[in-house]
Structures are given as C-alpha cells and as structure tokens.
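Notes follow the structure.
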Amino acid sequence: MPSNSQPPDPDAAELGDEPAAAYAKRTRAAQAMGQIDPVTKAVVAPIHVSTTFQRDPDNAYTSGFSYGRADNATVREAESVMAMLEEAEGALLFGSGMAAAAALFCALGPGDHVIAPRVMYWGLRRWLNQEGPRLQLSVDFVDTETPDAIRAAIRPGQTKLVWIETPGNPLWTITDIAAAAEIAHAAGARLAVDSTAASPIHTRPLGLGADIVMHSATKILNGHSDVIAGVLTCARADAFWERITAIRASWGAILGPFEAYLLMRSLRTLHLRASAQAAGAAILAEHLAAHPLVSGVLYPGLADHPGHAIAARQMEHGFGFMLSIRVTGGEAAAIETAAAVKLWKRATSLGGVESLIEHRASVEGPGTPCPSDLLRLSTGIEDPADLFDDLDQALRVAHDEAR
C-alpha cells in the first residue's frame with residue numbers, strides 16, 4: 001500500500017463553492033476540511049474501525065488501505081487537519097506524544113549526536129537519558145534559549161538533530177526558532193520543535209525554519225482530557241520522514257480510530273479554546289505578578305520575562321495557556337497552596353478546558369531544573385476572575401498555615 005507520509009491534499013476538500021485553501025485556517029478546521037461523507041451526506045465523518053481490507057481481483061489494494069496497524073482512514077482525516085494547521089507537507093498521528101517523539105529519535109542512526117534543552121518535558125528528558133545510550137545516541141542538554149549555547153554544542157559531522165521546546169515546560173523559557181534552525185542547518189542537522197505549549201494557533205515553527213514539529217496532542221490540541229495522542233508534522237516528506245513512517249507502521253504506534261475521531265472533533269474548536277485560554281492566562285499572569293504571596297511569575301507574555309521579545313516575534317494571537325508561579329514561603333507553602341485550591345484541579349497534564357495546578361518538583365524528582373517553590377498552572381476556559389480568586393484564597397491559606 002502507498003506510504004502515509006502525506007495526508008490527503010487539503011485543497012481537495014471543498015467548503016461551499018470554493019477550494020478549501022481559499023478559506024482561513026479556523027474556517028477549515030471548524031468544518032474539518034469540509035469533508036462530507038459520500039454515502040450518507042453526514043457533515044461529521046464516520047469512524048473507520050476495520051483492521052483489514054479486501055484485495056482487488058489482481059491482488060492489489062487500490063483503496064490505499066491494507067491493514068490497520070499502518071494506516072487508517074479516520075486517522076488520515078485528522079492528519080489532514082493537522083497538516084493544514086501547521087502548513088506542513090505531511091502529518092503522522094501516534095498513540096501518545098512520547099510515541100511520536102520516540103519514533104523521531106529512533107529514526108536517527110547509531111553514533112548520531114543530539115542537542116536538547118535543559119528545560120523540557122521531564123518524561124522525554126528521562127527517556128533520552130535512559131534510552132539514548134541504548135540507541136547509541138549521544139545527547140547534550142544545553143540552554144537552548146541562548147543561541148550561542150546551541151552553536152557551542154554542535155559537533156561538526158556528528159550532530160544530526162537539534163531538539164528544542166518552546167515555551168519550555170515548566171519554566172516557559174523561549175527559544176528563538178529561526179536562530180536555532182539556522183545553526184542546525186549550517187551544521188547539516190535537522191531542527192525539531194516540541195510546540196505542545198504553543199499549539200499551531202500561537203506558533204508556526206515550520207514557517208520559521210523548523211524541519212519537524214511535535215505535539216503531545218493529549219494537551220490543548222485535544223483539550224478535553226479524554227485522549228492520549230501525539231503528532232509529528234514535517235516541512236518535507238523526505239527519506240528521514242519515510243523512516244519515521246516505517247517505524248510507526250512496524251511498531252504499531254498509530255493512533256486508534258476512535259481517538260482520532262475525538263481529536264478531530266477537538267481540532268474544530270481549537271482556535272476558540274486556544275484564544276480563550278491564552279487570554280485567561282495573560283490576565284492571571286498580570287494579577288499574580290502583583291500578588292504579595294507570589295515571588296515570581298513565569299509567563300512569556302509578561303514584559304519582564306527574559307524571552308518576551310523573542311516570544312512576541314515568533315508567537316501569534318497571545319502567548320499560550322501555561323504559566324508558573326513561585327510561592328513566597330518556599331516548597332511547603334507551594335505544596336499547601338496546591339492542596340488548598342477548590343476550583344483548580346490538582347492533577348497532571350495540561351491544555352484541557354479545566355484548569356490544573358501541580359507542584360512540578362515533586363513530580364520530576366532529583367535532577368529537575370524546577371525550583372521547589374514553583375507551581376505549574378494550566379489555564380482552562382473558566383472565568384479568569386474565578387480562577388484568580390481561588391488561587392488567592394489558597395495562597396492565603398498556605399500563608400496562614402505557615403505562621
């Protein structure tokens with residue numbers, strides 16, 4: 001069967017009487033590329049659950065499908081929306097964000113050198129430390145928000161991948177994507193960007209020179225805390241991309257059709273949710289920056305954030321939905337604050353319509369770059385005033401407990 005390195009051409013779908021490409025991204029996403037089921041004329045596509053497909057009399061598969069481990073029609077439909085949003089040549093959905101990232105790193109060769117950020121999703125950092133040596137990969141963790149640090153870490157002829165995450169979880173550091181791409185490409189390496197905390201609504205890494213973009217689609221892309229998924233999109237469907245596609249097929253790492261259906265449902269409202277959540281986060285950041293029991297707010301939308309100027313240049317329609325606060329009184333006060341909230345949910349993950357709070361140092365353990373007084377906040381779509389009031393009362397409870 002043909003490779004699924006390229007999803008269906010977005011221009012092939014029709015919205016009204018004009019080609020889909022003539023419409024804004026939010027319009028195409030809202031209508032899931034305007035696809036209408038040819039059999040029932042349903043405006044919501046059916047879920048294709050079959051794992052196997054009938055051959056033609058000549059033993060071929062002219063439908064383009066042969067077995068569900070490698071490909072699925074519902075998955076392709078969601079991939080077409082993701083490719084459109086990222087302005088990508090190809091998109092691949094995986095069973096999790098970790099599966100997507102792992103497939104990319106496993107497509108590298110033994111002896112390849114990788115540059116990654118010091119501030120990044122801790123699960124992937126741990127995976128690189130544990131599995132990188134087994135794959136015979138050499139990994140250096142550097143402060144990627146400083147272009148000179150990336151440049152200094154390059155090993156001529158050996159560095160094959162520069163991996164950055166921006167904003168970087170959980171300190172929300174900002175890396176200059178265009179500068180990182182220039183450095184990587186000058187060394188003959190690829191640039192991959194974990195854009196989970198930005199989403200395609202706020203950052204378009206491929207347009208800034210990135211080669212591959214990864215999202216944990218579990219987060220704001222799905223936005224309802226009911227799907228585990230990951231996605232890679234590419235600037236070019238080259239041999240490296242074909243290698244990733246083959247890894248997904250052979251490992252059976254493809255996203256399930258029901259999860260792909262739910263993700264496509266969520267992508268229809270991504271513009272609305274991402275805009276509302278970013279606006280709420282900005283309001284919270286401004287108010288919390290003036291709170292007497294908060295010693296610091298980490299949010300790239302604040303003018304005093306070290307990466308604000310770069311974020312303002314490479315982010316659009318706001319600065320994302322994530323922020324962190326440092327609580328006066330240290331670790332004990334931070335943990336007590338998280339325990340005292342009533343509206344915020346004390347839970348792992350981020351990007352859902354419900355707001356979440358977490359003490360990250362406790363989760364990440366030894367070696368974390370996360371200060372012990374830090375709380376990570378994922379802003380949902382609730383009223384920002386309600387969210388602030390709840391944090392305010394929790395901070396005061398923690399302060400009173402400490403006295």
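The closest side-chain heavy-atom distance from P371 to L171 is below 4.5 Å. Using a 4.5 Å heavy-atom threshold, the side chains of L135 and C106 count as touching. Annotation: side chain of T173 is not in contact with side chain of P117 (no heavy-atom distance under 4.5 Å). You'll find the side chain of L350 reaches within 4.5 Å of the side chain of R376, heavy atoms only. Counting only heavy atoms from C-beta outward, the side chains of R155 and I115 never approach each other to under 4.5 Å. Side-chain contact between S378 and M322: present, with at least one pair of heavy atoms (C-beta onward) separated by less than 4.5 Å. Within the 4.5 Å cutoff, the side chain of I36 has heavy atoms near those of the V43 side chain. The side-chain heavy atoms of T166 and I177, taken from C-beta on, include a pair separated by under 4.5 Å.
Within 6.0 Å of OH in Y261 there are 12 or fewer heavy atoms belonging to other residues, nucleotides or ligands.
Every residue two or more places apart in sequence or in another chain was checked for a ring-ring contact (aromatic ring centres under 6.0 Å, His included) with H48, and none qualifies. Scanning for side chain to side chain donor-acceptor pair (under 3.5 Å) contacts around R126 gives an empty result, with sequence neighbours left out. H305 is linked by a ring-ring contact (aromatic ring centres under 6.0 Å, His included) to nothing, counting only residues two or more places apart in sequence or in another chain. Listed by chain and residue number, nothing satisfies the ring-ring contact (aromatic ring centres under 6.0 Å, His included) test with F94 (two or more places apart in sequence, or in another chain). Take R69 and apply the salt bridge (Lys or Arg N to Asp or Glu O under 4.0 Å) test, not counting sequence neighbours, and it matches no residue. Judged as a ring-ring contact (aromatic ring centres under 6.0 Å, His included), and not counting sequence neighbours, the contacts of F53 are F65. In this view, D226 and R265 satisfy the salt bridge (Lys or Arg N to Asp or Glu O under 4.0 Å) rule, not counting sequence neighbours.
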| task | Could you give me the CA-CA distance, side-chain angles and deciding distance for T348 and E358, then say whether side chain to side chain donor-acceptor pair (under 3.5 Å) is met? | result | CA-CA 7 Å; T348 291; E358 189 167 53; 2.4 Å; yes
| message | Using the rule given for side-chain contact (heavy atoms from CB on, under 4.5 Å), can you reason through L267 versus L221, listing the C-alpha separation, both sets of side-chain angles and the distance that settles it, and then say yes or no? | response | CA-CA 6 Å; L267 291 174; L221 293 182; 4.2 Å; yes
| task | Would you sort out whether L387 and I283 count as a side-chain contact (heavy atoms from CB on, under 4.5 Å), showing the intermediate values? | result | CA-CA 10 Å; L387 293 173; I283 292 171; over 6 Å; no
| task | Take L161 and L104 through the side-chain contact (heavy atoms from CB on, under 4.5 Å) test and state the conclusion after the steps. | result | CA-CA 10 Å; L161 180 70; L104 189 155; 3.4 Å; yes
| field | Chi angles and distances behind the side chain to side chain donor-acceptor pair (under 3.5 Å) call for T196, D194 | value | CA-CA 6 Å; T196 297; D194 180 344; 2.7 Å; yes
| request: Test side-chain contact (heavy atoms from CB on, under 4.5 Å) on E286 and L302 and set out the steps. | output: CA-CA 7 Å; E286 292 285 352; L302 294 177; 3.7 Å; yes
Using a 3.5 Å cut-off and no angle test, enumerate the donor-acceptor pairs between side-chain atoms of residues 233-240 and protein atoms at least two apart in sequence or in another chain.
from, atom 1, to, atom 2, distance (Å)
R236, NH2, D211, OD1, 2.4
D238, OD1, F240, N, 3.2
D238, OD1, W241, N, 3.0

Quick one: side chains of residues 288-296, donor-acceptor pairs under 3.5 Å with protein atoms, not counting sequence neighbours, listed by atom name and distance.
from, atom 1, to, atom 2, distance (Å)
H291, ND1, L293, N, 3.0
H291, NE2, D392, OD1, 2.7
S295, OG, R326, O, 3.1

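The residues E79 and R248 are annotated as salt-bridged, a charged nitrogen and a carboxylate oxygen being separated by less than 4.0 angstrom.
Side chain of E87 to backbone of L206: no donor-acceptor contact under 3.5 angstrom is found. Panel note: side chain E364, backbone A361; no donor-acceptor pair is recorded below 3.5 Å. A donor-acceptor contact shorter than 3.5 Å links the side chain of D176 to the backbone of A178. Looking at Y299, its side chain does come within 3.5 Å of a backbone N or O of G320 through a donor-acceptor pair. Looking at S50, its side chain does come within 3.5 Å of a backbone N or O of T52 through a donor-acceptor pair. At distances below 3.5 Å, at least one donor-acceptor pair connects side-chain atoms of H359 with backbone N or O atoms of S372. In this structure, K25 contributes its side chain and L85 its backbone to a donor-acceptor pair below 3.5 Å. Distance alone, capped at 3.5 Å, is enough to place a donor-acceptor pair between the N129 side chain and the R125 backbone. Formation of a donor-acceptor pair under 3.5 Å by the R151 side chain with backbone atoms of I183 is not found in this model. A donor-acceptor contact shorter than 3.5 Å is absent between the side chain of S355 and the backbone of W344.
Side-chain contact, R360 with N169: no donor N or O sits under 3.5 Å from an acceptor N or O. Between the side chains of S138 and Q158, no donor-acceptor pair of N or O atoms lies under 3.5 Å. Side chains of T144 and T175: a donor-acceptor N/O pair is present below 3.5 angstrom, by distance only. Side-chain contact annotation: T146 with D143, donor-acceptor N/O pair under 3.5 Å absent.
Remark: D140 CG to L128 CG distance equals 11.5 Å, nearest 0.5 Å. If you take CG on L263 and CD1 on I228, they are separated by 12.0 Å, rounding to the nearest 0.5 Å. Atom OG1 of T379 and atom CD of E354 lie 12.0 Å apart (nearest 0.5 Å). Separation of atoms OG1 (T337) and CD (Q393) is listed at 9.5 Å; rounding is to 0.5 Å. Rounding to the nearest 0.5 Å places CD1 of I150 at 8.5 Å from CD of E145.
Judged as a ring-ring contact (aromatic ring centres under 6.0 Å, His included), the pairs with a partner in residues 125-174 (not counting sequence neighbours) are, in order, F105-W163. Every pair tested for ring-ring contact (aromatic ring centres under 6.0 Å, His included) that includes a residue from residues 181-233 fails, sequence neighbours excluded, so the list is empty. Among residue pairs with one or both ends in residues 363-403, those qualifying as ring-ring contact (aromatic ring centres under 6.0 Å, His included) are H287-F388; sequence neighbours excluded.
When all heavy atoms are compared, the tightest approach of A91 to M82 is CB-CB, 4.3 Å. Summarising the geometry of T328 relative to A333, their closest heavy-atom pair is O-CB, 3.4 Å, with the distance given to 0.1 Å. Closest heavy-atom contact between A334 and D373: CB-O, 3.7 Å. In terms of heavy-atom proximity, V75 sits nearest to G256 at CG2-O, 4.4 Å. Nearest approach of S349 to L356, heavy atoms of both residues: O-CD1, 3.3 Å. Scanning all heavy atoms of the two residues, the minimum distance from Q314 to L208 falls at CB-CD1, 3.7 Å.
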